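If you're wondering where the values come from, they're calculated on a predicted model, not measured in any experiment.
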Amino acid sequence: MPKTHRVELTNDDRRWLFEFIGRGEAPVREQTRARVLLKADEGPEGPAWSDDWIAEALELSTGGVAGIRRRFSKRGVKGTVKRKAPDREYETKLDGEQEAELIRLACSEAPEGRSQWSLRLLADQMVELDVVEDLSHETVRQTLKKTDSSLTGVANG
């Protein structure tokens, strides 16, 4: 398969990649991407290995190597090696006052006939008190987990 994306590294790029790998602190996937770029380097000091050789040496698929080449042509060295930040942003379901009300409610006495609050009961009570328009038990769970609140009095960790 002919290479459509060439990898030509500058001396600074090559030095950064060697330091990046040498530290050994980065996730293995990022180190592997760095190694692919070093082996694929077609610059004057690069080995210019073929995708098949790189794939065999680093135990990757040739398509994976080609994808790393493609990313390099679009994002550069650091954009290829480092993980891409997610495009999505999630808005929080509860603001600070609503979270405080949920925690206050969870720490209060359970309703009559119950030994403790359930997540669904808390969600329903928050809606009933007009704190929020609607609320899922999963949002209640995540919020209480985030704040280290416990419905049972048992430590979370």
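- The salt bridge (charged side-chain N to carboxylate O under 4.0 Å, His left out) analysis of residues 119-135, with sequence neighbours excluded, yields no pairs.
- Atom NZ of K39 sits about 12.5 Å away from atom OG of S50, to the nearest 0.5 Å.
- When all heavy atoms of F20 and A34 are compared, the pair lying nearest together is CD2-CB, 4.1 Å.
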Side chains of residues 25-32: which donor-acceptor partners sit under 3.5 Å, not counting sequence neighbours?
residue: E30; atom: OE2; partner: R83; partner atom: N; Å: 3.4
residue: Q31; atom: NE2; partner: A26; partner atom: O; Å: 2.8
residue: T32; atom: OG1; partner: V28; partner atom: O; Å: 2.9

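- Pairing each heavy atom of A106 with each of W117, the nearest pair is O-CD1, 3.6 Å.
- Side-chain contact between R33 and R71: present, with at least one pair of heavy atoms (C-beta onward) separated by less than 4.5 Å.
- A donor-acceptor distance shorter than 3.5 angstrom exists from the side chain of T143 to the backbone of T139, with no hydrogens or angles considered.
- Screening residues 13-24 for salt bridge (charged side-chain N to carboxylate O under 4.0 Å, His left out), with sequence neighbours left out, gives D12-R15, R14-D41, R14-E45.
- Interatomic distance, CG of L122 versus CG of L144, reported as 6.5 Å (0.5 Å rounding).
- Between W49 and W53, the ring-plane angle classifies as perpendicular under the 30° and 60° cut-offs.
- Residues V77 and T10 have side chains not in contact (no heavy-atom distance under 4.5 Å, counting atoms from C-beta outward).
- In this view, E56 satisfies the side-chain contact (heavy atoms from CB on, under 4.5 Å) rule with no residue, not counting sequence neighbours.
- Inter-residue side-chain proximity for T62 and I54 is flagged as unmet; no heavy-atom pair is nearer than 4.5 Å.
- R6 has its side chain out of reach of F72: every pair of non-hydrogen atoms, C-beta onward, lies at least 4.5 Å apart.
- Here E99 pairs with K146 under the side chain to side chain donor-acceptor pair (under 3.5 Å) rule; sequence neighbours left out.
- Between the OG atom in S61 and the CG atom in D52 there is a gap of 10.5 Å [rounded to 0.5 Å].
- Residues V132 and L102 fail the side-chain proximity criterion, which asks for heavy atoms closer than 4.5 Å.
- Counting all heavy atoms, side chain and backbone alike, A123 lies closest to L135 at CB-O, 3.5 Å.
- Of the inter-residue distances, the one linking H5 atom NE2 with D51 atom CG reads 10.5 Å to the nearest 0.5 angstrom.
- Here the CD1-CZ distance, from I21 to R35, works out to 4.5 Å after rounding to the nearest 0.5 Å.
- Here the CE atom belonging to M126 is positioned 15.5 Å from the NE2 atom belonging to H137, to the nearest 0.5 angstrom.
- Within the 4.5 Å cutoff, the side chain of L38 has heavy atoms near those of the L9 side chain.
- Among residues two or more places apart in sequence or in another chain, the side-chain contact (heavy atoms from CB on, under 4.5 Å) test is passed with D95 by E97, Q98.
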